[in-house]
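Since the model is a prediction, treat every value here as computed from it, not as a measurement. In what follows, chains carry the letters A, B, and so on, assigned in the order in which the sequence lines appear, proteins first and then strands, with residues in each chain numbered from 1.
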Amino acid sequence: MDYSIRIGGEAGQGIQTVGGSLARVFAREGYHVFTHQDYMSRIRGGHNYYQVRVSHDTVTASRDRLDIILAMDRATIENHRPFLNKGGLIIYDADTVGKTFEGDEFLHVPLEKLAVENGGDKIMANAVAVGAVLGVLDLPVDPFVRILKETLKKKGEEVIHGNEAAARAGAVFVQGFADRLGCFRLKPSGREARMLIDGASAIGLGALLSGCKFYSAYPMTPSTGIMNFLAGMAERHGLIVEQAEDEIAAINMALGASYAGVRAMTGTSGGGFALMQEGLSLAGMTETPIVIAEMQRPGPATGLPTRTEQADLLFIVHGGHGEFPRVVFTPGTPEQAFYLTHKAFELAEKYQIPVFIQGDQYLGDCEWTLEGLDLNRMVLTDHRVRGRALKNLPSYKRYTHTGTGVSPLAIPGSSRHLVVVDSDEHDEDGHIIEDAETRSRMMEKRLFRKWPLIRNEISPPTTYGHDNPEVVLVGYGSTYGVMKEAVDQLGRRTSVAMLHFSEVYPLPPEAGFHYMNFLQKAGTTICIENNATGQFARLLRAETGFVFSGHINRYDGRPFTVESLLEKVHDYTG
Amino acid sequence: MDYSIRIGGEAGQGIQTVGGSLARVFAREGYHVFTHQDYMSRIRGGHNYYQVRVSHDTVTASRDRLDIILAMDRATIENHRPFLNKGGLIIYDADTVGKTFEGDEFLHVPLEKLAVENGGDKIMANAVAVGAVLGVLDLPVDPFVRILKETLKKKGEEVIHGNEAAARAGAVFVQGFADRLGCFRLKPSGREARMLIDGASAIGLGALLSGCKFYSAYPMTPSTGIMNFLAGMAERHGLIVEQAEDEIAAINMALGASYAGVRAMTGTSGGGFALMQEGLSLAGMTETPIVIAEMQRPGPATGLPTRTEQADLLFIVHGGHGEFPRVVFTPGTPEQAFYLTHKAFELAEKYQIPVFIQGDQYLGDCEWTLEGLDLNRMVLTDHRVRGRALKNLPSYKRYTHTGTGVSPLAIPGSSRHLVVVDSDEHDEDGHIIEDAETRSRMMEKRLFRKWPLIRNEISPPTTYGHDNPEVVLVGYGSTYGVMKEAVDQLGRRTSVAMLHFSEVYPLPPEAGFHYMNFLQKAGTTICIENNATGQFARLLRAETGFVFSGHINRYDGRPFTVESLLEKVHDYTG
Amino acid sequence: MTTPDEFKGQETAWCPGCGNFGILTALKRSLVETGLRPHEITIVSGIGQAAKLPHYIKCNAFNGLHGRALPVATGIALANHGLRVLVTTGDGDCYGEGGNHLLHAIRRNVNLKVFVHNNQVYGLTKGQASPTSEEGMVTKVQRQGVLSGQENPLALAIALDCSFVARGFAGDPARLQSLMGAALQHKGFALLDILQPCVSFNHLNTYEWYKSRLYPLEEDYDPRDRIKAFARALEWGDRIPTGIFYVNDRPLFEERLKVLKQGPLVSQRTDLKKAGEEIRAFY
Amino acid sequence: MTTPDEFKGQETAWCPGCGNFGILTALKRSLVETGLRPHEITIVSGIGQAAKLPHYIKCNAFNGLHGRALPVATGIALANHGLRVLVTTGDGDCYGEGGNHLLHAIRRNVNLKVFVHNNQVYGLTKGQASPTSEEGMVTKVQRQGVLSGQENPLALAIALDCSFVARGFAGDPARLQSLMGAALQHKGFALLDILQPCVSFNHLNTYEWYKSRLYPLEEDYDPRDRIKAFARALEWGDRIPTGIFYVNDRPLFEERLKVLKQGPLVSQRTDLKKAGEEIRAFY
Ligand SMILES: Cc1ncc(C[n+]2csc(CCOP(=O)(O)OP(=O)(O)O)c2C)c(N)n1
Ligand SMILES: Cc1ncc(C[n+]2csc(CCOP(=O)(O)OP(=O)(O)O)c2C)c(N)n1
Ligand code: SF4
Ligand code: SF4
Ligand SMILES: [Mg+2]
Ligand SMILES: [Mg+2]
């Protein structure tokens, strides 16, 4: 069983509360869940929706076709009805939408009326709605009540009870239609609760569990979720989250904190990242470790602030003036986001370079169910020289030439050794120089010596599907889930596989997995990107000369859905 | 005859005055001249030099080997003596350097003494020095006197006479060594005065003669020369040159001015360009014409502020978040800089896009002699809709969909038609939208429809040398001159040619000249770049898959000289 | 005569009850008063709820980047000083991200009219602190409450010798309209800080909060005394004055620029022949 | 005891006669007075002649980007509030390119000591106008003379309620040293604007120009009165006061931050086990 439920309405109507609660209940009941959000850049009004997919099997993407629509307003009915599967259900409140709809698919639930009657406040219509959906699926209301108790703790008993009563009333109301609704019954998962997490929180959690101590940023959708998460952790876990006056300050503050000896990070979206370019170059020149999360949204300029796109890949790869090494990770799932954030902190400090987590609105907002996160993989190696080890050094130069190009990174103030860093070209001591020879040696140290070592740290792309496929779908970042489902669907008829890069730059070495071979052997290779110009395809060609046989690009600010991707793939596979 | 003269000394000793005057005299006397400067990021002291090459034949680069050294301090003698050709001459003032040097190459000229005795002020030692060099070359002092009269007009007669007397004394003094110096005699060129111009002025002049009306920038070496030039033109030719508070303001002001209806430009170097990334993306989204000069210096970060490098090519090509079209020109000579700046204004306005002139310190500072500039090639087409034509339009939408993707660009305020532009995704009227369909159509308009038309405007690369070469030296930007001379030198023994791209992005179409064929046929193709990672080679591979057989990179902040380049080429040609 | 309807723009996307509506109303009315037609006016904005305003009114518009309205407006006003250029911006846009531009735009004294919708919060990005948020205000990011001092934009502007400095209130559109009118009539850079309730994210500085504190500067208050103006600008507590705090007669940048003596830059054509003569200097 | 020699750094690259030498001397002496050792001090700078200073003294140093010293210094001071963090910057660096950071650093009130070498010109880039250049000053870019109003950094800082605001003179290192000492002793963000002759590019504001105008604030001047301080900060003409204009007791940012109650961030280790418990919230 695999249901897609879309909750639609105006901003401010509680779409997120309802969708989020349902997803949480499903996860607690042990189902697989995938959610995605589509919202406008406004606080009230307009049209938004929240889509929850719940299934007995793994789900990793959204579908266009819906089984249940929960319409909080009339526009939802008008806009989304065409996507309803045969036999699907539209739950609505005829009183609030101001019209009664005819047709088998419609189920009028007096949300507001039940809310007022049972909970005492029409604001509890949201709880009625959740109860109604649970009722339709024949799931118990109790897990939702537990969630209400957790989240409304501060609002007091009365509010909790009201919401509980409202939810139960919703469930009871739909039980009156049991005959008609029997087909929606969701069999128990027979499993314990699953973890449910979105990409932004996963990045935040990854940072927290990598010993991140300093996060400075300027609010910008869709990166703000990371800041919110870390701000919530600050007091409990001893980290500073500072809202900077602008993105230039954000990255420079983080570099200052990193210089002073703590693991530091910043996060932003394209426009803010544009403002960080000079700071990025400063990180490169001073060899100051930093982790930067860039959560993409459609550009250019302000673009579509609340939508999704993958159009900043080459900007990140080539950003900042001058030449210096960097690493770019493009996680495809919250799970990857969590582990790669950890790896980002590790590599940033080990090689004293900027490391990017590049995500997008889709990765940031979508919630996935996971089997859990393995804390044993969080191994913190302190690559800095501090304490006694530093005190015992007979002498110290910040930019000592070494065989690896990596110089000892000391903590200023903790010993008599001085730590001098400089944005000008400098000598081993960190002081300004202008001569050609010192310059060349520093370029070789920063760039050439470190680069092969860094590249060796990069893991190969992930494959899924056929071992020796005729068709390979290639992508990076947030298209992971939809490509995977497409492979599942296509696999029935075609010999197909997916090749997904979550560690995208530098390209992984081929020693372990000859992925270029894998590609070259396939008859059809399709590069799938949520952008207009095919940036990953360009990167791969620049690095390897490889040319894809096909491209699928989406650049309307929306993510691929399973159906929309399959349709395009069919153009190539016939 | 082909002499290289190096004038060395501390900042503040008048190195530039002496070198600049000599170059000017040689050009006026009809010789070919090439000059280059090597200076530190400080105002007084340190060590700088100015190198002037004068010849009967075309010269387009500097050499390492010197014929005459004019040493204003002791360090010059110590540092540069090893580069003196056999039979070469070192002119110095034993009194000021505080030591008498033995050896045939040394000629002591009492610069300060002669200055005081003849001019009345030791500051006129510079004039003595110029006179002495002219004397050595057996050139008349009169042209220099005319230059003195022009440049010192404001300082009054007395100063002019003093300098004249000093210069003549210098010439007379060296005539006492006529026997020894006879070999340096420069035969008359038999030609009229040549034009002498540096790259920065050529860009400024190109802007002026393209109807540029607004230049906003923030001072940054080596782009400041453009601002200085245009500031000098402002009052006489009716343009505004405004020093912005930072580079972010600089580009946004220029975009405002362009929106309001005037041709606008900004200029900066890598660090400032990094700060302009968001504004660049704004130009892309709003389709506002703008010309941006990016004069490179070695990075990352502050790097080497007064030196040269070509390490921002891929940053420019991929800069700014989101996807939008742009054009990048990389002139190799002041002449190309002049004409390409003109073309930049034309394309920026015709397609409503950002167009770049990417130069570097070497292009900006080097002076070349030209045959002149052809003003008839300055054809100004006004691509905006204004005046009566605008008034007569029945209706107006800033982003009307057209077959070419280019919408009419109206002047706000000059008719009842409103001009609305938006950094958000927008509809034809310029108002915010969020729907997928309008978004897609706008992306197609801005990007896909314009792109092939833009690409068709791009001129093919320049070749020089053999028609069917075994060896091709490939480059872009400021390596033009040195590659050309290398071809001349190699041509005697090898079948060699140069392929130089001054219009680098998008890559020129191949219809007119199958330059990729030209490359593919050659046995050895060497990509020559003043950077560490080979950015042009990477660009060419990304676009065409082509892989060079060799790379020559210089990344110590210095330009290639003829000798240093030849040496590296020999590694490939044996 | 124009009417407010002539300035009617797109449908708004603000929350019901938002203070921005009062500002929009006052603005339309004050524009009507100027007698100007929509095409003679250009409104420049950055990004934020406030910065959406140019879409809700009918004029020329440049809706640029977050924080960058002022340099764009400066470029427009210098290229065509015949246009009336207004800037509509938020407290985050103008005092946060765009702070540096404000400092230098005030120094330049181009004839811009800057209306800051100061809701003391970041509205569009859902409620983070802005430079004018009160110390102690708790948000999702400022969990411990705002620790930075609250910026006083009027004091700042007076310190920079801004040509016109005033404070209005979105909840009193009539008075706001007259302040806007005064700003529009004033020759010089005008900063009008407008206290604006944000019903969705600022639950501290509500309509009531403002109403119980705001009072107009005295009838006989002299806005030409810079030091007194500074003292009055510092009043922020139980009583908060509104009105025109400071005015001076600094000369306009565009009037001093010699190049503009021959009329707006946009109507001056380059004389290519004359410009071509500059080549001679290189011989 | 340390001596100024212990702070001796690289050889300078300033012009002979430059006001920066006086500042360097005063700084070394005032650091000696603190009793701190070089490694306990971190100097942060941007880019410019002034910003080269960290190379000419022996301390920890972060010589960052033009205009961006303050956020770097803020990051350092928050990550390790045990360090003494100084910022050495120019008028272009601090009031021009970096203007926005100054506004917000003052609001934050981190314990930074900011010494601005105010030569009223861009030295390193060869003489363009800076925000503090006098109106009318002619340069290669400002051909018609500076048209923008001259920024008054002290008035600006007082408007932002900066915790310590003072003016010194590079030509009087002894008095400058005592002002530096006071700034170093003050608990809070300290802005010390230092008038500094630039012998190469500022031929207007020379040693003589300053000497004939500067006078110390009266012995009994009370720097706690913000409005009076503002009035005195506006004095700029035939007579220009130096000294400590304004001081307040605003609480330090780092003292208010609860997270720092357990000591400097740099010595706090993340308890991975405890942090790992946050995962539970996602079930
Ligand atoms: C460079 C950049 N950084 C961040 C953002 C995200 N952003 C949009 S509006 C805004 C703040 C808006 O606050 P304010 O200016 O006070 O306007 P309001 O919404 O309160 O009217 C931010 C941070 C952006 N668009 N661009
Ligand atoms: C982003 C950026 N823009 C411009 C520059 C060039 N630049 C270096 S120093 C400087 C101005 C220096 O003026 P100031 O801060 O007053 O220092 P001073 O040299 O006068 O001491 C400028 C514009 C730069 N390094 N980086
Ligand atoms: S969030 Fe606040 S400022 Fe924005 S529209 Fe809503 S009430 Fe107004
Ligand atoms: S240019 Fe001016 S500020 Fe710079 S070192 Fe020389 S005198 Fe000092
Ligand atoms: Mg606001
Ligand atoms: Mg200065």
Got a second to check how far [X]'s [atom1] is from [Y]'s [atom2], nearest 0.5 Å?
{"X": "B:Glu245", "Y": "D:Ser130", "atom1": "CD", "atom2": "OG", "value": "13.0 Å"}
{"X": "D:Arg143", "Y": "B:Met233", "atom1": "CZ", "atom2": "CE", "value": "7.5 Å"}
{"X": "D:Gln128", "Y": "B:Asn228", "atom1": "CD", "atom2": "CG", "value": "6.5 Å"}
{"X": "D:His66", "Y": "B:Asp246", "atom1": "NE2", "atom2": "CG", "value": "9.0 Å"}

Donor-acceptor check, side chain of B:Arg44 to backbone of D:Ala13, threshold 3.5 angstrom: yes or no? no
B:Gln243 side chain to D:Ala129 backbone, donor-acceptor under 3.5 Å: yes
Would a 4.5 Å heavy-atom cut-off, applied to side chains only, mark [X] and [Y] as touching?
{"X": "D:Glu97", "Y": "B:Glu247", "answer": "yes"}
{"X": "D:Trp14", "Y": "B:Ile43", "answer": "no"}
{"X": "B:Thr224", "Y": "D:Lys126", "answer": "no"}
{"X": "D:Leu124", "Y": "B:Ser41", "answer": "yes"}
{"X": "D:Gln49", "Y": "B:Arg42", "answer": "no"}

Structural part of B:Leu230 lying under 4.5 Å from a heavy atom of chain D: neither
Check B:Tyr218 against D:Gly92 and note the closest heavy-atom contact, atom names and distance. OH-O, 3.9 Å
Which atom names give the shortest non-hydrogen contact between D:Thr125 and B:Pro219, and what distance separates them? OG1-CB, 4.1 Å
Do other residues, nucleotides or ligands put more than 12 heavy atoms under 6.0 Å from B:Glu158 CD?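 Open: at most 12 neighbouring heavy atoms sit under 6.0 Å from CD of B:Glu158.
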Around atom CD1 of D:Ile240, are there more than 12 heavy atoms of other residues, nucleotides or ligands at under 6.0 Å? yes
Against chain B, label D:Phe201 side chain, backbone, both or neither, depending on which of its atoms sit under 4.5 Å from a heavy atom there.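 The answer is the side chain of D:Phe201.
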Out of D:Gly67, D:Ser148, D:Cys15, return the one with the most heavy atom pairs under 4.5 angstrom to chain B. D:Cys15
